[in-house]
Amino acid sequence: MSNPLNLTSNFFFFIFTLIILYVAYTFPRLQPKQTNLVFYVHDHFTGQDSTAATVAGKSGPTSNILHFGTVAIVDDPVTEGPTTQSPLIGRAQGMYINSQLDGKGLYMVFSVIFSDGEFKGSSLEIQGSDIFTMKEREFGVVSGTGYFRFVKGYGIMETYSMDIANLKATLKLNVTVKHY
């Protein structure tokens with residue numbers, strides 16, 4: 001019968017434990033990548049190129065997005081540059097809800113679905129407040145697919161141009177995300 005206090009087995013156990021600890025603390029950990037993107041969303045509620053529509057509100061589907069309680073759906077083009085002639089890289093699909101009593105703030109939730117370029121086939125899920133009277137608004141990037149799997153991050157939205165009379169706007173989104 002072996003002695004439980006056998007110095008040889010205790011020595012080997014000690015060395016084995018040190019090796020395991022060394023490997024655990026020196027093995028490279030998977031570090032997240034950071035990706036920075038800038039793109040433009042063209043939001044048009046009127047005209048032949050309309051990409052957004054109100055679907056509910058105090059006056060029903062004819063409600064104006066600038067009025068509290070109005071719900072709108074969007075399928076906006078996403079481009080590399082600020083003009084509609086810039087290369088199309090995807091679509092922003094989702095909805096806006098005017099959730100501020102004075103009508104100057106939207107709650108937005110939409111997917112940016114990349115159909116061309118480096119991130120083709122991937123998407124980002126965006127949500128947050130859009131108080132469009134502010135120069136810059138911050139929003140959350142809460143999820144993603146493809147290249148952006150396990151993403152988390154934020155973005156800064158600026159109104160690049162706005163035509164309130166015709167309900168047309170171009171939004172600049174500067175997005176920073178971390179993912180694996």
Side-chain angles (χ1 to χ4, degrees), residues 32 34-47 49-80 82 84 88-117 119-164 166-180:
Q34 180 169 307
T35 301
N36 299 307
L37 303 159
V38 175
F39 50 86
Y40 295 81
V41 175
H42 304 274
D43 206 15
H44 298 175
F45 278 88
T46 61
D49 59 349
S50 123
T51 58
T54 56
V55 293
K58 287 183 180 180
S59 304
T62 60
S63 296
N64 187 311
I65 191 59
L66 300 176
H67 297 143
F68 174 71
T70 302
V71 177
I73 55 169
V74 297
D75 184 5
D76 296 335
V78 176
T79 61
E80 286 181 2
T84 53
L88 182 71
I89 57 172
R91 307 291 295 185
Q93 298 172 334
M95 74 173 102
Y96 298 131
I97 302 167
N98 193 315
S99 57
Q100 193 165 319
L101 284 173
D102 65 4
K104 295 179 181 173
L106 306 172
Y107 172 74
M108 58 183 188
V109 57
F110 61 90
S111 303
V112 176
I113 303 165
F114 295 94
S115 58
D116 203 6
F119 307 114
K120 181 178 181 176
S122 300
S123 69
L124 290 172
E125 299 299 319
I126 292 173
Q127 75 178 49
S129 178
D130 178 9
I131 302 171
F132 52 85
T133 56
M134 295 175 60
K135 179 174 172 36
E136 292 185 342
R137 296 84 80 188
E138 190 168 332
F139 57 85
V141 179
V142 297
S143 181
T145 64
Y147 183 81
F148 299 111
R149 200 170 286 138
F150 296 116
V151 75
K152 65 179 178 177
Y154 70 98
I156 304 293
M157 181 186 304
E158 294 179 57
T159 303
Y160 180 82
S161 66
M162 184 180 286
D163 177 359
I164 290 187
N166 292 308
L167 294 175
K168 293 184 176 190
T170 300
L171 308 169
K172 178 182 178 182
L173 278 67
N174 189 339
V175 175
T176 302
V177 293
K178 290 192 176 187
H179 53 101
Y180 296 95

Straight-line distance of Tyr40 OH to Thr79 OG1, nearest 0.5 Å: 8.0 Å
Tyr160, OH: over 12 other non-hydrogen atoms inside 6.0 angstrom: no
Minimum heavy-atom distance Ser115-Gly90, with the two atoms named: OG-CA, 3.5 Å
Straight-line distance of Thr51 OG1 to Arg91 CZ, nearest 0.5 Å: 6.5 Å
Pairwise salt bridge (Lys or Arg N to Asp or Glu O under 4.0 Å) hits with a residue in residues 59-73, at least two apart: none
Residue pairs involving residues 63-72 (criterion side chain to side chain donor-acceptor pair (under 3.5 Å); sequence neighbours excluded): none
Summary of side chain to side chain donor-acceptor pair (under 3.5 Å) pairs that have at least one residue in residues 93-104, sequence neighbours excluded: Asp43-Tyr96, Asp75-Gln93, Gln100-Asp102
Throw together a table of side-chain donor-acceptor distances under 3.5 angstrom for residues 123-136, partners on residues two or more places apart or in other chains.
from	atom 1	to	atom 2	distance (Å)
Ser123	OG	Thr145	OG1	2.7
Glu125	OE1	Ser111	OG	2.7
Glu125	OE2	Ser111	OG	2.8
Asp130	OD1	Arg137	NE	2.8
Asp130	OD1	Arg137	NH2	3.2

By side-chain hydrogen bond (donor to acceptor under 3.5 Å, both in side chains) - contacts of Asp116 (at least two apart): none
Minimal non-hydrogen separation, Ala92 against Phe110, with atom names: CB-CD1, 3.8 Å
Non-hydrogen atoms of Val74 and Ala52 that approach each other most closely: CG1-CB, 3.6 Å
Gap separating the CD atom of Glu80 from the CD1 atom of Ile89, nearest 0.5 angstrom: 5.5 Å
pair Val112-Val41: side-chain heavy atoms closer than 4.5 Å: no
Check against side-chain contact (heavy atoms from CB on, under 4.5 Å), Phe148 and Leu37: CA-CA 12 Å; Phe148 299 111; Leu37 303 159; 3.9 Å; yes
Result of checking Thr54, Ile65, Ile97 against Val71 for side chain to side chain contact (heavy atoms under 4.5 Å, CB included): Ile97
Could you list the donor-acceptor pairs under 3.5 angstrom formed by side chains in residues 170-180, with sequence neighbours left out?
from	atom 1	to	atom 2	distance (Å)
Thr170	OG1	His42	ND1	3.4
Thr170	OG1	Ser161	OG	3.4
Thr176	OG1	Asn36	OD1	3.0
His179	ND1	Tyr147	O	3.2
His179	NE2	Thr35	OG1	2.7

Full working for side-chain hydrogen bond (donor to acceptor under 3.5 Å, both in side chains) between Thr46 and Asn166: CA-CA 6 Å; Thr46 61; Asn166 292 308; 4.6 Å; no
Residue Tyr107 excluded, over 12 heavy atoms near OH under 6.0 Å: yes
Straight-line distance of Arg149 CZ to Ser143 OG, nearest 0.5 Å: 10.5 Å
